[in-house]
Novice: 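Submitted below is the structure of interest, expressed as structure tokens.
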Amino acid sequence: MPELPEVETTRRGIAPHLLGRRVTRLIVRDARLRWPIPEDLGIQIENQTFTAVRRRAKYLLLDIGGGTLISHLGMSGSLRLVPADTPVLKHEHVDIELDSGMTLRYTDPRRFGAMLWQPAGAEHPLLSHLGPEPLSDEFTGERLYQLSRKRSMAVKPFIMDNAVVVGVGNIYATEALFAAGIDPRREAGRISRARYLALAEEIRKVLARAIDSGGTTLRDFIGGDGKPGYFQQELFVYGRAGQLCKLCGTTLSECRLGQRSSVFCRHCQS
DNA sequence: CGCGACTCCTGCCGGC
DNA sequence: TGCCGGCAGGAGTCGC
């Protein structure tokens with residue numbers, strides 16, 4: 001997926017176009033996402049007006065009518081606004097037509113994403129059990145330290161656990177561990193409080209910077225307003241295995257942790 | 001309960 | 001040029 005900065009960039013891009021607008025029609029060309037798109041989604045949102053465009057973790061929460069349209073972009077999804085008469089391409093599975101003449105179009109080649117409905121007052125099971133937002137006051141190095149005690153897994157999959165903190169995907173976990181000088185293979189439960197305090201700060205910094213930059217441009221990611229992000233040239237290690245560390249010149253190493261590729265500098269990270 | 005493996009799906013890239 | 005294997009931004013679920 002787009003990672004958290006890309007989702008936030010999408011939210012900011014689409015929000016001004018949705019707020020106060022009425023849905024004239026929902027078109028589902030392919031309902032087979034990670035879970036089937038509910039058959040009654042059209043009944044829920046047609047002729048209703050968007051009242052808020054929120055985000056929780058990597059879920060976009062669009063308040064409308066008697067509830068919330070929940071959308072997740074998975075690994076390859078995007079939501080963009082296009083003029084209503086824009087030709088439909090492959091993998092453009094859903095259109096939400098607005099009374100403004102614009103259409104919110106959902107595209108997802110791999111169909112790992114989701115589009116679900118949550119009635120007002122009920123919390124969707126996907127949203128319960130989520131840890132704190134990384135840019136909120138509830139996310140601290142002390143929390144990382146406390147939750148990591150007696151955890152035997154490597155620190156990288158630990159910080160990617162949504163029950164620990166949400167929104168830290170493979171790119172930013174990799175970058176934050178580099179910035180904090182921590183070897184991603186280290187056992188989570190054997191890292192000091194001081195190092196977790198530093199790591200939490202680096203997670204906040206890398207995510208905040210990426211959001212400011214409009215998200216990382218990865219292959220074909222396009223933000224909600226159609227503009228690509230400009231963060232990619234700022235990556236120190238992600239996607240750079242075999243290349244030289246920008247800080248010390250050592251050839252960057254790669255390993256797999258939790259089935260995800262992990263790049264690190266064996267000189268700068270311990 | 002914690003952990004690692006597996007799974008969903010399509011596209012792309014490198015190697016032969 | 002084409003085929004094939006491997007890998008890709010996520011994360012729920014299952015088995016041990």
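Labels below follow one simple rule: chain letters A, B, ... track the order of the sequence lines, proteins then strands, and each chain is numbered from 1. Predicted, not measured: the structure shown is a model, and the values here were computed from it.
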Novice: With sequence neighbours excluded, give me every salt bridge (Lys or Arg N to Asp or Glu O under 4.0 Å) pair touching residues 115-135 of chain A.
Specialist: A:Arg55-A:Glu133, A:Arg56-A:Glu133

Novice: Between A:Met75 (CE) and B:dC9 (P), how many Å, whole number?
Specialist: 14 Å

Novice: Nearest-Å distance, NE2 (A:His129) to C1' (C:dG10)?
Specialist: 18 Å

Novice: Using a cut-off of less than 4.0 Å, is there contact between a side-chain N or O of A:His72 and OP1 or OP2 of C:dA11?
Specialist: yes

Novice: Without swapping roles, check the side chain of A:Arg186 against the backbone of A:Ile182 for a donor-acceptor pair under 3.5 Å.
Specialist: no

Novice: Could I get a table of every N or O pair under 3.5 Å where one atom is in the protein and the other is in nucleotides 1-3 of chain B?
Specialist:
from: B:dC3; atom 1: OP1; to: A:Ser152; atom 2: N; distance (Å): 2.6
from: B:dC3; atom 1: OP1; to: A:Ser152; atom 2: OG; distance (Å): 3.3
from: B:dC3; atom 1: OP1; to: A:Met153; atom 2: N; distance (Å): 3.4
from: B:dC3; atom 1: OP2; to: A:Arg151; atom 2: NE; distance (Å): 2.3
from: B:dC3; atom 1: OP2; to: A:Arg151; atom 2: NH2; distance (Å): 2.7

Novice: Nearest of B:dG11, B:dG4, C:dG9 to any side-chain atom of A:Tyr238?
Specialist: C:dG9

Novice: Nearest-Å distance, CG (A:Asn170) to C1' (C:dA11)?
Specialist: 13 Å

Novice: Does A:Arg143 have any salt bridge (Lys or Arg N to Asp or Glu O under 4.0 Å) partners at least two apart in sequence or in another chain, and if so, which?
Specialist: none

Novice: Which dot-bracket notation, 5' to 3', represents the base pairing of DNA chain C when pairs are defined as Watson-Crick or G-U with both distances under 3.5 Å, crossing pairs as [ ], and inter-strand pairs as |?
Specialist: .|||||||.|||||||

Novice: When clusters are formed by joining ILVMFWY residues with side-chain heavy atoms under 4.5 Å apart, either directly or through shared neighbours, do A:Leu207 and A:Tyr196 land in the same one?
Specialist: yes

Novice: If you look at every heavy atom in A:Ser71 and A:Met115, which pair is closest and at what distance?
Specialist: OG-CE, 3.8 Å

Novice: Rounded to the nearest angstrom, tell me the gap between atom NE2 in A:His91 and atom C1' in B:dC12.
Specialist: 12 Å

Novice: Looking at A:Pro132, is its backbone amide N or carbonyl O close enough to the side chain of A:Ser136 to form a donor-acceptor pair, meaning the two atoms are under 3.5 Å apart?
Specialist: no

Novice: Quickly work out the A:Leu60 CG to C:dG10 C1' distance and round it to whole Å.
Specialist: 14 Å

Novice: Measuring only between side-chain heavy atoms, which start at C-beta, is A:Cys265 closer than 4.5 Å to A:Cys248?
Specialist: yes

Novice: Identify the pairs formed between an N or O of the protein and an N or O of nucleotides 12-16 of chain C at a distance under 3.5 Å, and give each distance.
Specialist:
from: C:dG12; atom 1: OP1; to: A:Tyr59; atom 2: OH; distance (Å): 3.0
from: C:dG12; atom 1: O4'; to: A:Arg34; atom 2: NH2; distance (Å): 2.9

Novice: B:dC6 and C:dG6: how far apart are their P atoms, nearest whole angstrom?
Specialist: 14 Å

Novice: Show, in sequence, the C-alpha distance, side-chain angles and deciding distance for A:Glu8 and A:Arg12, and conclude whether the salt bridge (charged side-chain N to carboxylate O under 4.0 Å, His left out) test is met.
Specialist: CA-CA 6 Å; A:Glu8 177 61 18; A:Arg12 294 179 184 185; 2.8 Å; yes

Novice: Does C:dA8 have its OP1 or OP2 closer than 4.0 Å to a side-chain nitrogen or oxygen of A:Ser261?
Specialist: yes

Novice: Has A:Phe112 got its ring stacked on B:dC8, by the test of a centre gap below 5.5 Å and a plane angle below 30°?
Specialist: yes

Novice: Check the distance between C:dG10's P and A:Tyr172's OH and give it to me in whole angstrom.
Specialist: 10 Å

Novice: Please determine if a side-chain N or O atom of A:Arg260 lies less than 4.0 Å away from the OP1 or OP2 oxygen of C:dG9.
Specialist: yes

Novice: May I have the distance from A:Lys90 (atom NZ) to B:dT10 (atom P), rounded to whole angstrom?
Specialist: 8 Å

Novice: Select one nucleotide: of B:dG4, C:dC7, C:dG9, the one nearest the side-chain heavy atoms of A:Gln259.
Specialist: B:dG4

Novice: Name every donor-acceptor pair, under 3.5 Å, that has one atom in a side chain of residues 93-101 of chain A and the other anywhere in the protein, sequence neighbours excluded.
Specialist:
from: A:His93; atom 1: NE2; to: A:His91; atom 2: O; distance (Å): 3.4
from: A:His93; atom 1: NE2; to: A:Asp108; atom 2: O; distance (Å): 3.0
from: A:Asp95; atom 1: OD1; to: A:Arg29; atom 2: NH2; distance (Å): 3.0
from: A:Asp95; atom 1: OD1; to: A:Arg105; atom 2: NE; distance (Å): 2.8
from: A:Asp95; atom 1: OD2; to: A:Arg29; atom 2: NH1; distance (Å): 3.3
from: A:Asp95; atom 1: OD2; to: A:Arg29; atom 2: NH2; distance (Å): 3.4
from: A:Asp95; atom 1: OD2; to: A:Arg105; atom 2: NH2; distance (Å): 3.0
from: A:Glu97; atom 1: OE1; to: A:Arg25; atom 2: NE; distance (Å): 3.1
from: A:Glu97; atom 1: OE1; to: A:Arg25; atom 2: NH2; distance (Å): 3.4
from: A:Glu97; atom 1: OE2; to: A:Arg25; atom 2: NH2; distance (Å): 3.2
from: A:Asp99; atom 1: OD1; to: A:Arg21; atom 2: NE; distance (Å): 2.9
from: A:Asp99; atom 1: OD1; to: A:Arg21; atom 2: NH2; distance (Å): 3.4
from: A:Asp99; atom 1: OD1; to: A:Arg22; atom 2: N; distance (Å): 3.3
from: A:Asp99; atom 1: OD2; to: A:Arg22; atom 2: N; distance (Å): 3.4
from: A:Ser100; atom 1: OG; to: A:Met102; atom 2: N; distance (Å): 3.3

Novice: Heavy atoms only, 4.0 Å cut-off, all strands: where does A:Gly258 land among base, sugar-phosphate and nothing?
Specialist: nothing

Novice: Got a sec: does the CG of A:Asp40 have more than 12 other heavy atoms crowding it under 6.0 Å?
Specialist: yes

Novice: Could you tell me how far apart A:Lys58 (NZ) and C:dG9 (P) are, to the nearest whole angstrom?
Specialist: 10 Å

Novice: Rounded to the nearest 0.5 Å, how far apart are CG of A:Leu18 and CD1 of A:Ile64?
Specialist: 8.5 Å

Novice: Tell me if the side-chain of A:Arg111 makes a donor-acceptor pair with the base of B:dC9, cut-off 3.5 Å, by modelled atom types.
Specialist: no

Novice: Salt-bridge test for A:Asp161 and A:Arg151: reply yes if a basic N is under 4.0 Å from a carboxylate O, no otherwise.
Specialist: yes

